[in-house]
Amino acid sequence: MPELPEVEVTRRQLQPLLVGRTITRVWTGRSSTFFLTPPLRLARRLAGRRVLALDRVGKYLLALLDDGARLLMHLGMTGQIGDAPLDVHTHLRLRFDDGGPEVRFHDVRKFGKVQILEPGRSSPRVDRLGPDALGVRGDRLFTGTRGRRAAIKTVLLDQAVLAGIGNIYADEALFLAGVRPSRRAARVGAVECRRLAAALRRVLRQGIRAGGSTIDDYRRPDGSPGQYQEDHRVYGRAGEPCPRCRTRIRRVVIGQRSSHYCPRCQS
DNA sequence: CAAATCCCCTGCAGGC
DNA sequence: TGCCTGCAGGGGATTT
């Protein structure tokens, strides 16, 4: 479930483990779904490279290398990078010239991805992304939802409109903004868009501060779980009382995704 | 063009 | 106890 906050927490903790260090040895697994760049080529491209920076865009991490290439990484559903477990689900291991701790990419479900982006080149995966959700403003949400007949929840999950929102933070922001997830996106007005944008920024920042949400798989680079799940107001709380009005939280499926909302507070 | 559907992958919960 | 089914979900590809 890594969404923007989980990826950002990963970026911050991973930064000192990658940036400034030179990769000496690379070990890879063989999963063809995980490696967008074939494992042997990826290993050859990484060996000897120094990492200059670690950036995030939406749910993607981008490690800038000293030859101008970039390593694109996505955590998928169950990815963990850093001091991750070493077992059959470990797909990538990086060792460094300083003899310090190795960095591992572990991913049980293999929805995660790694890919080398050669110097000056990008990827449709990145190019397609809308603006990063952490700085979203109401007007962006407003223009991004015009002409969209789909549910507002579905549009929030569209990475081309906003990059970084996933199922949890969409539900949480919609609750804070008082907007029902099933509402048609185009019917959400400018005022509500502004309120929704503020709610998104708020839940994303709160999520980062709490170290992300750990439902079952997510772990920070050091292996510790996040804490934001404790603060979830509606996500995963179907049947529990709304924290604002005590009405039972409802769970419905919207766009193949479970959605949670308060039928009284959200319209 | 938008939206709906399918698929990838694995562990786990629930039913019998 | 063990087997089977269904579900979770990010996101790309395909179909409607």
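By convention in this document, chain letters (A, B, ...) are assigned in the order of the sequence lines, proteins followed by strands, and residues within each chain are numbered from 1. Keep in mind the model is a prediction, meaning the values are calculated, not measured.
- Rounding to whole angstrom units, OH of residue Tyr169(A) and C1' of dG10(C) are separated by 15 Å.
- Remark: the Thr24(A) side chain and the Asp97(A) side chain contain no N/O donor-acceptor pair separated by less than 3.5 Å.
- The pair Glu118(A)-Arg45(A) meets the salt-bridge criterion, with a side-chain N (NZ, NE, NH1 or NH2) lying under 4.0 Å from an Asp/Glu carboxylate O.
- The CD atom of Glu6(A) sits 13 Å away from the C1' atom of dG10(C) (whole-angstrom rounding).
- In this structure, Lys113(A) does not reach the dG11(C) phosphate: none of its side-chain N or O atoms is under 4.0 Å from OP1 or OP2.
- The pair Asp83(A)-Arg104(A) counts as a salt bridge, with a side-chain nitrogen and a carboxylate oxygen less than 4.0 angstrom apart.
- One atom, NE2 of His106(A), and another, P of dT10(B), lie 12 Å apart when rounded to the nearest Å.
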Between N or O atoms, less than 3.5 Å apart, protein on one side and nucleotides 12-16 of chain C on the other: list the pairs.
residue : atom : partner   : partner atom : Å
dG12(C) : OP1  : Tyr60(A)  : OH           : 3.1
dG12(C) : O5'  : Arg128(A) : NH2          : 3.4

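- Direction change of the helix axis from one end of the helix from dA2(B)-dT16(C) to dC16(B)-dG2(C) to the other is 50°, with five pairs defining each end axis (rounded to 10°).
- Asp171(A) and His260(A) are linked by a side-chain donor-acceptor pair at a separation below 3.5 angstrom, with hydrogens and angles left out of the test.
- Pairs of residues two or more places apart, or lying in two chains, that qualify as ring-ring contact (aromatic ring centres under 6.0 Å, His included) and include a residue from residues 169-206 of chain A are Tyr169(A)-Tyr228(A).
- Annotation: of the two residues near DNA chain B, Thr154(A) and Val88(A), the 5′-most nearest-nucleotide partner is Thr154(A).
- Proximity of His89(A) to the phosphate of dC9(B): no side-chain N or O atom is located under 4.0 Å from OP1 or OP2.
- Rounded to whole Å, atom P of dC8(B) lies 16 Å from atom CG of Asp107(A).
- Geometrically, Arg146(A) engages Phe142(A) in a cation-pi contact defined by less than 6.0 Å to the ring centre and at most 45° from the axis.
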Exercise for review: Could you give me the CA-CA distance, side-chain angles and deciding distance for Leu65(A) and Leu46(A), then say whether side-chain contact (heavy atoms from CB on, under 4.5 Å) is met?
Suggested key: CA-CA 8 Å; Leu65(A) 308 179; Leu46(A) 289 178; 3.8 Å; yes
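- For the pair His74(A) and dG11(C), the criterion of a side-chain N or O lying under 4.0 Å from OP1 or OP2 is met.
- When the shell of 6.0 Å around CZ of Arg244(A) is examined, it contains more than 12 heavy atoms from other residues, nucleotides or ligands.
- Computed from coordinates, the Leu157(A) CG to dA4(B) P distance equals 13 Å when rounded to whole Å.
- As rounded to whole Å, 11 Å separates atom P of dG10(C) from atom CG of Asp171(A).
- Looking at Arg25(A), Arg93(A), Arg95(A) one by one, the single match for side chain to side chain donor-acceptor pair (under 3.5 Å) with Glu102(A) turns out to be Arg93(A).
- Between Ile152(A) atom CD1 and dA3(B) atom C1' the separation is 15 Å, expressed in whole Å.
- Arg41(A) and Thr37(A) are not linked by any side-chain donor-acceptor pair at a separation below 3.5 angstrom, with hydrogens and angles left out of the test.
- Looking only at atom types and distance, the side chain of Thr33(A) has no donor-acceptor partner in the side chain of Lys110(A) under 3.5 Å away.
- A donor-acceptor contact closer than 3.5 angstrom is absent between the side chains of His91(A) and Thr28(A).
- Of the residues in residues 30-42 of chain A, none has a non-hydrogen atom less than 4.0 angstrom from any atom of DNA chain C.
- At least one side-chain heavy atom of Pro263(A) sits under 4.5 Å from a side-chain heavy atom of Arg180(A).
- To the nearest angstrom, P of dG10(C) lies 16 Å from CG of Leu61(A).
- Lys59(A) comes within 4.0 angstrom of the backbone, heavy atoms only, and of no base.
- Partners of Arg183(A) by salt bridge (Lys or Arg N to Asp or Glu O under 4.0 Å), not counting sequence neighbours, listed by chain and number: Glu192(A).
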Protein-nucleic acid N or O pairs under 3.5 Å, nucleotides 7-9 of chain C:
residue : atom : partner   : partner atom : Å
dA8(C)  : OP1  : Arg251(A) : NH2          : 2.2
dA8(C)  : N3   : Arg109(A) : NH1          : 2.9
dG9(C)  : OP1  : Asn167(A) : ND2          : 3.3
dG9(C)  : OP1  : Tyr235(A) : OH           : 2.4
dG9(C)  : OP2  : Ser258(A) : OG           : 3.1
dG9(C)  : N2   : Arg109(A) : NH1          : 2.9

